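Below is one structure, written out as structure tokens, with a few remarks after it.
All values derive from a computational prediction rather than experimental measurement. These numbers come from the heavy atoms of this one structure, side chains and all, not from hydrogens, waters or symmetry mates.
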Amino acid sequence: MATLANPDLTPLKRDMEAAMADLQARIGQVSRERGKVASGSTLNSITYVVTAYPGALFARAEANDNWKFVGNGRAPGGMPPVQRIQNWIDAKGLTISAWAVALKIKKEGSADYRAKRTNVFEDAIVQWQGGPSLDRVMNAAGDLIGDLFTTDVQQALR
């Protein structure tokens with residue numbers, strides 16, 4: 001039996017899955033608005049898993065390694081992956097040298113990095129955190145905990 005000390009959070013799983021689907025859609029929307037979709041491979045790599053059981057609710061989103069550079073770019077330093085740059089060039093239909101782009105990024109950082117732009121994934125997450133889908137999860141959790149509290153108090157007064 002669920003109690004306030006060990007709440008059964010499985011009823012929240014469906015709401016959290018909807019919230020994670022909203023996050024995934026929001027990342028795509030922000031990426032498109034900022035012109036950060038070339039082939040779509042990074043957006044298509046986004047997955048999420050929601051796990052719920054008595055006492056815990058976990059949600060995890062993942063994407064390929066490119067997510068950390070989408071929008072905010074890459075700092076100067078090591079050589080970036082030339083093949084990924086070539087894939088981006090091909091997806092954009094450009095006629096530039098991937099090797100030359102990689103060398104420039106290695107020396108100066110990417111254009112987004114130099115412009116101090118923000119990461120589209122992080123921007124989308126901030127928007128999502130203040131949005132209605134996560135609010136629904138939080139309200140449902142509050143209702144569930146409130147119901148358990150009421151039940152615990154009623155049982156204690158018997």
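- Residues forming a side-chain contact (heavy atoms from CB on, under 4.5 Å) with E33 (at least two apart in sequence, or on another chain): Q29.
- Although no hydrogens or angles enter the test, the distance criterion places no donor-acceptor pair under 3.5 Å between the side chain of W88 and the main chain of S39.
- No more than 12 heavy-atom neighbours from other residues, nucleotides or ligands sit within 6.0 angstrom of CZ on R14.
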Using residues 101-113 as the side-chain source, report each donor-acceptor pair under 3.5 Å to any protein atom, sequence neighbours left out, with the distance given to one decimal.
from: K104; atom 1: NZ; to: E108; atom 2: OE1; distance (Å): 3.1
from: S110; atom 1: OG; to: R74; atom 2: N; distance (Å): 2.9
from: S110; atom 1: OG; to: Y113; atom 2: N; distance (Å): 3.3
from: D112; atom 1: OD1; to: K36; atom 2: NZ; distance (Å): 3.3
from: D112; atom 1: OD1; to: R117; atom 2: NH1; distance (Å): 2.6
from: D112; atom 1: OD2; to: K36; atom 2: NZ; distance (Å): 2.6

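- The line from CD1 of I85 to CD1 of I96 is 9.0 Å long, rounded to the nearest 0.5 Å.
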Can you give the donor-acceptor pairs under 3.5 Å from side chains of residues 136-147 to other protein atoms, not counting sequence neighbours?
from: N139; atom 1: ND2; to: D135; atom 2: O; distance (Å): 3.3

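- For residues 48-72, the pairs satisfying ring-ring contact (aromatic ring centres under 6.0 Å, His included) are W67-F121, with sequence neighbours left out.
- Minimum heavy-atom separation, A52 to T10: O-CG2, 3.3 Å.
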- Stepwise side-chain contact (heavy atoms from CB on, under 4.5 Å) check, K116 with N72: CA-CA 7 Å; K116 298 186 184 338; N72 61 316; over 6 Å; no
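- By the rule that hydrophobic residues join a cluster once side-chain heavy atoms approach within less than 4.5 Å of another member, L23 and V37 end up as members of one cluster.
- Residues V82 and M79 approach most closely at CG2-CE, 4.2 Å, considering heavy atoms.
- A heavy-atom distance below 4.5 Å is not found between the side chains of V49 and M20.
- D22 and S133 make their closest contact through OD2-OG, 2.7 Å (heavy atoms, listed as atom of the first residue, atom of the second, distance).
- Listed by first and then second residue, the salt bridge (Lys or Arg N to Asp or Glu O under 4.0 Å) pairs that reach into residues 79-94 come to none, sequence neighbours excluded.
- Residues forming a salt bridge (charged side-chain N to carboxylate O under 4.0 Å, His left out) with R34 (at least two apart in sequence, or on another chain): D123.
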